[in-house]
Amino acid sequence: MKEPSGPVLAELTPNFIRNIIDNDLNSNKNNGRIMTRFPPEPNGYLHIGHAKSICLNFGLAQEYNGLCNLRFDDTNPAKEEIEYVDSIKEDVKWLGFDWGNRLYYASDYFEKLYEYALSLIKKEKAYVCSLNAEEIRKYRGTLKEPGIESPYRNRSIEENSDLFERMKKGEFPNGSHVLRAKIDMSSPNLNMRDPVLYRILHADHHRTGSNWCIYPMYDFAHGLSDSIEGVTHSICTLEFEDHRPLYDWMLDELNVFHPQQIEFARLNLNYTVLSKRKLLELVEGGFVSGWDDPRMPSISGLRRRGYTPEAIRTFCERIGVAKSNSVVDMALLEFCLREDLNKRSPRVMGVLNPLKVVIDNYPEELVEEFDAINNPEDSSMGTRKIPFSREIYIEREDFREDPPKKFFRLSPGREVRLKSAYYITCVNVVKDENTGEITQLHCTYDPKTRGGSSEDGRKVKGTLHWVSAAHCVEAQVRLYDRLFTKENPADEKDGHNFKEFINPKSLEILKLCKVEPGLLKALPGSIYQFERLGYFCVDNKESSENLLVFNRTVTLRDSWAKIEKKQ
RNA sequence: UGGGGUGUCGUCAAGCGGUAAGACACAGGACUUUGGUUCCUGCAUUCGGAGGUUCGAAUCCUCCCACCCCAGCCA
C-alpha cells in the first residue's frame, strides 16, 4: 500500500457552519480565533458517525487555522470506562487528527464546576431539591401542561449552600437530593423547567476515583467545559437544539466566556445501524466477533476491514453538513474507498475458487517468470516477477462449458489471455464421473503470445487472472457483505427487531484460495487489489505465517455481473 | 393539541431576489493485457403544497401539509 502522495482533500463545498464561521471572521468575533472540540463520552467505541463529527471539528480547525481539542465528556462514572478512552484516542489518531497537548476531560473541571454551582446558589439561580426522581418527573409537567414548582424551590441561600456542601461530603444517599437550576417551571421548553445540575452518585470514577460522590449533568458540565477551554464554536447534533437556551442561560448567568452552540444532523448510513446501544447489542449478543468485526461500522471495524483514513475523510467531506435528517448511501462510502485504493494499492493475483488447468503443450519441467505491473495507475510502483508453469489455477467462475451471450471468458474451443503470460485455448474438459463436476481443464498455449500479446494483432476478449499450481500459496479469504439486508434496519415498526435483519451471508469464509507466492511476506493490515476481484487486506488479528488470512475490503465494480443479471 | 427543527433529482447537497452547482447511483458510448481505472454523453422548465409581493422568487410574505427531536438524577 502506497502512502498518499499529498494531503487528500476533496473539493470543499460551502455549508452552513462554514458560513457562520466566515461571518464571525468578517466581524472579528473572538478576534478571529477559532476553536472547536470533539467531546465523546467514553462509553463505547467510535463509529463512522463519529468520524463525521471528528472530521468536521478537526477539519474546520485546520481549515481556519484554529485548534480542536479532544475532550472526554466523562460525567457519568456508571457507564464510562478507560478501555473506551483508549480506543477513542487510537481511532481519532488513526483518522489522522492531532489534538496536540489539548487532551481534556470534563472531570478535570469538577472542582471548578463545583465552584460555579455554588455561585449559582449564591445568585439564587440554583437550589437543592429533595424530591425523588419520580416526584421530579411528575412536577415537570408534560409537553402540553406546565410543571409545578418544587416545594424546595425557595430554600435560603444558606440552606442550599449547606445542603450542597453536605451532598459533596457524602452525607446523603444516592437520589436523596439534587441540585437544580431555578429557571421556569412553565417554560414550553422542558429543558428549562428547573433542570437537574448535579446528582448524588456514590460511584468510583475512572479518573477521579472516589474523590467525588456528586457528579454534574451534561447540561451543566458541557457548556462550562466549552467556556473554560475557550471553545468558540461548539458543534453538536440536532437533538441538542432544545438544550441551547439552557446552554446560553448557564453561561450568561455565570457571566463567563460564551461559545456558540451549533447543531448539525448526525450521519445515517443505509444497510447498517449507527447507535452505540445497537452496536453494543450486536457485540454482546455475539452477532459479530467484537467491536472490530470487519462488518461493523465502527472505526476499528472499518480499519480491520481495510478502509483507509483517507477514504473516510473524503467521504465525510463529500456527504456535506446540514440540518436535515438524511440517510447516506453506502455506495458513496464504497466509492470513496475504491477511489483511494485504486490509486494506492498494488495489484496481485489470487484465485478464490480454484479450477486446475493443464497446458498440454507446455514443457513439463519449465518454469518461466513474467514481469507483472504492480499498479497501472502509478508506474512508480514498478513491477514484480510471477512464476508460470504447466499447471495453473484459474477462477472457477471464469470457465463456462456452455457460455451465455456476451460471456467472453474461457469455454471449450475459445482463446483467452492469461494476464501477463500467454494466450491459451481450451481443448478439453475433465469431469468427475459421479458428480459431473468439472475437475480440470486441458488447454494449449501459443508460445508466440509471451507476455500476453500477439504480434499478429489478434484480439482476445477475455483476460483471466491465474496462479501457478506449483508455486502458489494457500490462503483463507473472508468475503464480507453488508451486515443487514434491510435499508433501514433500525426501523422496528410492526414489532420487528433490528437483529432480525442481519444478513446471513454477511460473512463467507473461503479456505482453499490460491494466491501468488509474493504474498507470503505481506504485512498485517496491508491492502492489495486481487486483480479482477476486489481489494483485500491481510487480517491484522488472525493472519499468521502459517495461515495467510485476507479480508475482502470491497469488490471491484462488476459490470459483467450486471449484464448477466439482466439476461 | 406545547416547544424546537427540517423539507431542492433515486441518495447526499450547493444556492442567501437575477432565472437550479457538484458528487454518488443509474443509462448509453469510447478506450482497455483487470468486464477495473479513465474519458465522453444523458439524467430537476423546477425547488413539500396553495396563494401573494416583485420586471423577476428555491430565495421575501401568508396559510397549509409532511417528517424528525424533547417529559433521564443519560450524553
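What you see is a predicted model, and the numbers here were worked out from it, not measured in a lab. Order of the sequence lines sets the chain letters (A, B, ...), proteins ahead of strands, with each chain counted from 1.
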Q. Given C74(B), is OP1 or OP2 found less than 4.0 Å from the side-chain N or O atoms of R277(A)?
A. no

Q: Write down the distance separating the C1' atoms in G51(B) and U11(B), rounded off to the nearest Å.
A: 32 Å

Q: Look at the side-chain N and O atoms of R193(A) and state whether any lies under 4.0 Å from the OP1 or OP2 oxygen of G2(B).
A: no

Q. F335(A) side chain: which of G35(B), A23(B), U1(B) is closest?
A. A23(B)

Q: Compare the aromatic ring of W560(A) with the six-membered base ring of G35(B) and state whether they stack according to the 5.5 Å and 30° rule.
A: yes

Q.
Please confirm whether the shortest side-chain N or O distance from R318(A) to OP1 or OP2 of C12(B) is below 4.0 Å.
A. no

Q: Write down the distance separating the C1' atoms in U8(B) and G49(B), rounded off to the nearest Å.
A: 14 Å

Q | Of the listed nucleotides A25(B), A75(B), A13(B), the one nearest the side chain of A331(A) | A | A25(B)

Q.
Side chain of R137(A), heavy atoms from C-beta onward: which of A71(B), A75(B), U34(B) has the nearest atom to it?
A. A71(B)

Q.
Which nucleotide wins on minimum distance to the side chain of K79(A), given the candidates U34(B), A27(B), C74(B)?
A. C74(B)

Q: Mind checking N19(A) for me? I need base, sugar-phosphate or nothing, with any heavy atom below 4.0 Å counting as a touch.
A: base

Q. Under 3.5 Å, is there a donor-acceptor pair between the side chain of R344(A) and the main chain of N342(A)?
A. no

Q | E263(A) and R244(A) ion-paired at < 4.0 Å | A | yes

Q: Side chain of E239(A) only, please: which of A71(B), C73(B), C69(B) is the nearest?
A: C69(B)

**Q.** C12(B) OP1/OP2 closer than 4.0 Å to side-chain N/O of K323(A)
**A.** no

Q) Does C26(B) have OP1 or OP2 sitting under 4.0 Å from an N or O in the side chain of K562(A)? A) yes

Q) Glycosidic conformation of G72(B), syn or anti, with 90° from 0 as the boundary? A) syn

Q) Out of G15(B), G35(B), C73(B), which has the shortest distance to the side chain of P14(A)? A) G15(B)

Q. Thinking salt bridges, do K562(A) and D558(A) make one under a 4.0 Å N-O criterion?
A. no

Q.
Nearest to the S324(A) side chain among U6(B), G35(B), G28(B), which nucleotide is it?
A. U6(B)

(Q) Check the phosphate of A75(B) against R199(A), side-chain N and O only, distance under 4.0 Å to OP1 or OP2. Yes or no? (A) yes

Q. Ion pair present between E516(A) and R384(A), side-chain N to carboxylate O less than 4.0 angstrom?
A. yes

Q. Taking the same atom, C1', in C43(B) and in A23(B), what whole-Å distance lies between them?
A. 14 Å

Q. Taking the side chain of R532(A) as its heavy atoms from C-beta onward, which of C73(B), G35(B), U37(B) lies nearest to it?
A. G35(B)

